[in-house]
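A short worksheet on the structure shown next.
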Amino acid sequence: MSQQSVLRIDLDAIAANWTLLDRHAERAEVGAVVKANGYGLGIEPVAKALHAAGARRFFVATLNEGVILRSHLAAAEIVVLNGVLAGDEELMVSHDLLPALNDPGMVRRWRDAARTADRRLPAYLQIDSGMTRLGLDRPGIEALASDPEAFDGLDIRFAMTHCAVADTPDHPGNAKQLSRFRAALARFPGLRASMAASSAIFLGDEYHFDLVRPGAALYGVRPIDGEPNPMRQVVQLEATILQVRAAEAGDAVGYGATRILDRDSRIATVACGYADGFTRLIGEAGSARIGAFIAPIVGRISMDLITLDVTDLPETAVLPGQRATLIGDHFDINDAADAARTIGYEVLTGLGHRFFRVYEGGAA
Ligand SMILES: *Cc1c(COP(=O)(O)O)cnc(C)c1O
């Protein structure tokens, strides 16, 4: 058995999180967002676990991600949120990918692609309800709504929009976007609708419409700021202890000599650093669990190494070759994000590029 550091990914926890959201969004169908390689956790095992749990509509950001996902999921609906770029129509069609159509020009090109393919092509219609990022603006909505041939040859499965401030429930932007989305929907009678990502699922039923699109919450990210996290934790980061050394009071630890030891200490050096996605900004706010003990990080986080103060742990509890858990129940991705002044999304998508990934659970 190799002793290298590992990122453990609990596929059963991902499935349980999907099921929890499915119960919460009672009347809506629940899709799954697996962009950025399944939020960094590996699109194939993640998507297969979600499909086994019941998800049938999947969302990725790019064509490339869609092509990869199609090779793993033959039957599911796959939506490319960034839409279809000029020149990519044929690839989108041949891999049975649905673009989120973001402006009238894109709608026109997809209509042309349908004519070329000589069949009706499915798509989503993305509406900007107040984020000013992607989707139809007000003139675009009017242009399409007043053109009776706008969607000829197309099968628009859902009109969708995305919330900007859903992690802050009492922000007035939520209600504002809801009413702007409703007004836009009224211009396209008969279309089913999708608004909520992870956070908005917890804003209430009126945000659910026909389909919700969670990503982050499936992977354990806290959906609402400042409230208890109902999601199960999915990832655990275990770094191998490379060396345990004695140091004397007055010795400096790590780059910049930012930590001068104030007592004789034992320092354990573990194989994990910011190049593994354990962001440097976590700094000394982080700690490791070693068996039943917690050891704080001391000194700066290096590219490939982290130093832990294990002075207070029994010597027999800390040996080279053992693993120290840096992200786990004692310090999860949300804690890591808070420490680094970022969001769980960024912590998640940063992990897993370099680590050996070990999957647990899952249908297979
Ligand atoms: C990323 C994304 C989602 C998923 O968002 P989470 O906050 O991760 O649940 C849903 N819809 C769109 C348009 C997105 O870009």
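Heavy-atom basis, side chains included; hydrogens, waters and symmetry copies ignored. We count ligands from 1, going down the list as the structure has it; atoms in each ligand are counted the same way.
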Ligand 1 polar-atom proximity to protein (N/O, under 3.5 Å):
unit_1   : atom_1 : unit_2 : atom_2 : d
ligand 1 : 7 (O)  : Tyr345 : OH     : 2.6
ligand 1 : 8 (O)  : Tyr39  : OH     : 2.5
ligand 1 : 8 (O)  : Ala216 : N      : 2.7
ligand 1 : 9 (O)  : Ser198 : N      : 2.9
ligand 1 : 9 (O)  : Ser198 : OG     : 2.5
ligand 1 : 9 (O)  : Gly215 : N      : 2.7
ligand 1 : 9 (O)  : Ala216 : N      : 3.4
ligand 1 : 11 (N) : His162 : ND1    : 3.4
ligand 1 : 11 (N) : Arg213 : NE     : 3.1
ligand 1 : 11 (N) : Arg213 : NH2    : 3.1
ligand 1 : 15 (O) : Lys35  : NZ     : 2.8

Notebook entry, point to check: Under 3.5 Å, side chain of His95 to main-chain N/O of Leu97, donor-acceptor pair present?
Noted result: no
Notebook entry, point to check: How far does CZ of Phe355 sit from CG of Asp276, to the nearest 0.5 angstrom?
Noted result: 3.5 Å
Margin query: I'd like to check Ser287 versus Ile297 (side-chain heavy atoms, cut-off strictly below 4.5 Å). Are they in contact?
Written below: no
Notebook entry, point to check: salt bridge (Lys or Arg N to Asp or Glu O under 4.0 Å): which pairs involve residues 284-304, sequence neighbours left out?
Noted result: Arg259-Glu284, Asp304-Arg354
Next item on the list: Evaluate the side-chain proximity of Val80 to Phe59: yes if any heavy-atom separation is below 4.5 Å, no if none is.
Entry: no
Check: Any side-chain heavy atom of Phe158 within less than 4.5 Å of one from Val79?
Finding: no
